[in-house]
Amino acid sequence: MFSVVEEAAQGEKQELSSNMRENERLLKVIFKNCSDVVIRVLPNPREEEILIVYVDGLVDTKQLEQTMNQLLMSAENTLASNKEVSLGNLIRNHLVLFGQTKNANKVEDLINGVLKANIAIIMSGEGTALLVDASGFEKRSIEESKTENVISGPRDSFTETLRTNTSLLRRRIPSSQLKMESFTVGKLTQTDVVLVYIEGVAPDALVENVRQRLQGVQLKGILDSSYIEEYIQDSPWSPFPQIQKTDRPDTTAASLMEGRVAIIANCTPCVLILPITFWTGMQSADDHYERFDFVVARKAVRYIMMMVSLIFPALYVALTAYNPELLPGSLYQSIATAREKSPFPTVIEVVIMDFIFEGLQEAGIRMPSQLGPIVSIVGALVVGEAAVKANIISAPIVIVVALTGIAAYGIPRYGFSIPLRLLRFFLVVLAGIYGLYGLSLGLIAILIHLVTLESFGVRYLMPVAPLNFKRLRDVALRTVRWPRRSPSE
């Protein structure tokens with residue numbers, strides 16, 4: 001005798017029986033203690049049994065009830081006038097108009113279909129279930145992106161619904177060359193994942209590479225696209241992201257037209273784009289919607305802020321602690337006067353204040369929106385000012401950390417600012433031990449790592465290393481569009 005668990009596991013591997021009651025009993029064993037799963041036998045004109053199975057809350061039950069009532073009323077007249085008509089065929093022909101339908105011969109396929117917002121209809125005497133797509137669960141409407149704000153350009157963003165996200169891309173690229181291949185990833189979650197690319201534009205080798213990696217994902221569950229990102233990236237120990245995440249459809253469509261591919265997972269608004277380079281992190285979504293000369297100036301500011309975010313605290317430590325002769329005399333005199341009463345070495349002061357700043361950011365993110373600004377004000381004004389007045393830290397350190405923090409926010413993509421914030425501590429420690437020599441060693445180590453890093457076969461520093469003059473102008477500049485126009489246009 002099998003236990004209930006063993007019987008359910010064995011039952012999932014079986015073919016559907018032609019005996020209606022046997023199917024009903026087996027499904028009730030498999031869905032035992034699942035109060036949201038409805039298994040119900042419907043009456044019909046020929047007194048044959050019709051078993052329907054669905055998950056309450058996932059399907060549109062109001063439309064289901066209306067459709068079934070109409071179906072059975074029309075079937076009664078049709079079956080009375082023509083006894084050669086099969087009730088099963090009548091139902092199938094009618095429900096084709098209701099939504100996408102498909103047949104399932106195995107119990108496992110029936111279960112997977114029901115759990116993905118399908119209604120399973122099983123006719124007496126048939127060993128086949130009809131799965132009707134009837135999704136009707138609550139979903140978020142399309143809103144403006146909150147992580148990639150822009151001044152110009154579209155305002156819509158991806159949602160947690162897979163088909164909404166694919167439709168946003170299809171609206172922008174209404175071409176048959178836009179391909180969307182479906183995969184199912186996650187043993188428990190059975191998450192629907194779509195690989196998107198433009199045939200003839202994206203390299204075949206890249207598409208095949210990503211396809212194989214998706215097929216090789218062995219995880220219990222996929223709750224967010226980040227799960228897939230960690231599994232398929234080339235160098236998991238590198239702090240630099242090798243896959244871009246975005247919730248903007250226009251950014252994704254532009255990337256697809258550049259020959260890259262995208263991965264969309266159900267229940268997550270973040271789409272993965274690959275491959276990427278280091279310079280991708282310096283690009284904003286509205287770079288292509290502004291005048292090119294303004295974009296060039298903004299890009300220059302971003303690169304400067306990126307360097308400030310990475311090396312400014314370490315440079316301050318190295319110059320004040322080891323090489324003060326490189327500073328102007330009056331400037332060094334002011335810094336030395338401010339540090340006279342500080343009990344800590346410069347490197348300790350920088351680490352403490354940087355840690356407090358990171359802690360304030362973390363607290364501001366986790367706090368309720370009503371309390372977040374209060375935490376920032378208390379941290380920045382009260383703690384910082386009080387620490388200086390108490391002679392625990394010196395005033396220049398507050399200025400250095402504040403400028404560094406502001407510079408980090410100048411990086412358009414949040415994922416690219418994280419490695420710079422981490423490596424900042426690494427450089428500060430090296431500068432505190434070896435001065436400018438240690439800072440130089442740290443920067444060389446980071447540069448070597450970036451030169452050797454790849455993202456799906458593309459060098460991370462491309463087109464700077466290796467050098468590609470044709471594409472180099474897109475790194476520092478933005479290619480103008482008007483020279484490409486012909487007079488007739």
Side-chain angles (χ1 to χ4, degrees), residues 147-149 226 229-230 233-246 270 273-285 287 298-319 347 349-365 380 397-433 436 438-455 459-462 464-465 475-476:
T147 57
E148 295 179 72
N149 295 325
S226 303
E229 178 190 6
E230 284 197 12
Q233 63 184 349
D234 288 309
S235 303
W237 291 104
S238 174
F240 292 94
Q242 295 134 59
I243 298 176
Q244 178 185 344
K245 290 197 288 189
T246 182
C270 285
I273 300 174
L274 51 97
I276 61 169
T277 65
F278 178 81
W279 317 109
T280 306
M282 296 294 112
Q283 293 179 348
S284 173
D287 279 356
R298 289 204 314 187
K299 276 193 170 185
V301 172
R302 286 181 211 149
Y303 287 125
I304 294 172
M305 295 178 79
M306 183 265 291
M307 294 303 296
V308 169
S309 170
L310 179 63
I311 68 172
F312 189 40
L315 186 63
Y316 174 80
V317 171
L319 290 177
V347 62
E349 283 186 314
V350 171
V351 171
I352 291 175
M353 282 306 297
D354 226 353
F355 182 81
I356 292 175
F357 185 79
E358 293 293 334
L360 287 172
Q361 289 188 77
E362 192 66 17
I365 295 172
I397 298 297
V398 178
I399 299 173
V400 170
V401 174
L403 287 176
T404 305
I406 294 171
Y409 289 122
I411 299 172
R413 305 199 184 282
Y414 177 74
F416 279 81
S417 67
I418 295 176
L420 300 180
R421 287 158 58 185
L422 293 175
L423 293 171
R424 190 163 66 219
F425 285 95
F426 170 66
L427 294 178
V428 166
V429 173
L430 284 179
I433 299 174
L436 286 177
L439 175 59
S440 302
L441 284 180
L443 290 175
I444 291 172
I446 294 172
L447 191 59
I448 291 174
H449 173 69
L450 290 175
V451 168
T452 57
L453 192 62
E454 287 188 355
S455 171
R459 292 285 186 179
Y460 207 60
L461 289 185
M462 180 78 183
V464 174
V475 174

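Residue numbers run from 1 in the order of the sequence given. Computed over heavy atoms, backbone and side chain alike; hydrogens, waters and symmetry mates excluded.
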Legend entry - Closest heavy-atom pair and its distance - I276, Y460: O-CD1, 4.0 Å
Inset, instruction - Supply the atom-to-atom distance M306 CE to K299 NZ, rounded to the nearest 0.5 angstrom. - result: 12.0 Å
Legend entry - R302 CZ to D287 CG distance, which is reported to the nearest 0.5 Å: 4.5 Å
Inset, instruction - Mind listing the closest non-hydrogen atom pair of P419 and P239 along with its distance? - result: CB-O, 3.4 Å
Inset, instruction - Please name the pair of heavy atoms, one in L453 and one in S238, separated by the smallest distance, quoted to 0.1 Å. - result: CD2-OG, 3.6 Å
Inset, instruction - Check whether any side-chain heavy atom of K245 sits under 4.5 Å from a side-chain heavy atom of S226, and report yes or no. - result: yes
Inset, instruction - Would you indicate whether the side-chain heavy atoms of I352 and I356 approach each other to under 4.5 Å? - result: yes
Inset, instruction - Evaluate side-chain contact (heavy atoms from CB on, under 4.5 Å) for V464 paired with W279, printing each intermediate quantity in order. - result: CA-CA 10 Å; V464 174; W279 317 109; 3.3 Å; yes
Legend entry - Atom pair OG1/CG of T280 and L274 - distance to nearest 0.5 Å: 11.0 Å
Inset, instruction - Please determine, by modelled atom types, if Y316 and E349 share a side-chain donor-acceptor pair under 3.5 angstrom. - result: no
Legend entry - Distance, nearest 0.5 Å, that separates CD1 of I304 from CE of M307: 10.5 Å
Inset, instruction - Check for a donor-acceptor pair, side chain of R459 on one end and backbone N or O of A465 on the other, with a separation under 3.5 Å. - result: no
Inset, instruction - Quick one: pull up CD in Q283 and CZ in F416 and give me the separation to the nearest 0.5 Å. - result: 9.5 Å
Legend entry - Min side-chain heavy-atom separation L439-L430 under 4.5 Å: no
Inset, instruction - Quick one: closest heavy-atom pair of A408 and S417, and the distance? - result: O-CB, 4.0 Å
Inset, instruction - State, with a plain yes or no, whether a side-chain heavy atom of T147 is found less than 4.5 Å away from one of T246. - result: no
Legend entry - Minimum-distance pair of heavy atoms, taken over all atoms of P313 and V428: CB-CG2, 3.8 Å
Inset, instruction - Report the C-alpha separation of V429 and V347 in whole Å, then their side-chain angles, then the decisive distance to 0.1 Å, and conclude whether the side-chain contact (heavy atoms from CB on, under 4.5 Å) test is met. - result: CA-CA 7 Å; V429 173; V347 62; 5.5 Å; no
Legend entry - E148 side chain reached by P412 side chain, heavy atoms, under 4.5 Å: no
Inset, instruction - Grab the two heavy atoms, one from G415 and one from P241, that are nearest each other, plus how far apart they are. - result: O-CG, 3.7 Å
Legend entry - Side-chain heavy atoms of R421 within contact of F357, under 4.5 Å: no
Legend entry - Euclidean distance, L461 CG relative to H449 NE2, rounded to 0.5 Å: 10.0 Å
Legend entry - Positive for side chain to side chain contact (heavy atoms under 4.5 Å, CB included) with V400, one of T404, V398, L403: T404
Legend entry - Partners meeting side-chain contact (heavy atoms from CB on, under 4.5 Å) with L423 (sequence neighbours left out): F240, L310, F426, I446
Legend entry - Side-chain heavy-atom pair L436, L315 within 4.5 angstrom cut-off: yes
Legend entry - side-chain contact (heavy atoms from CB on, under 4.5 Å) evaluation trace for E454 with Q242: CA-CA 8 Å; E454 287 188 355; Q242 295 134 59; over 6 Å; no
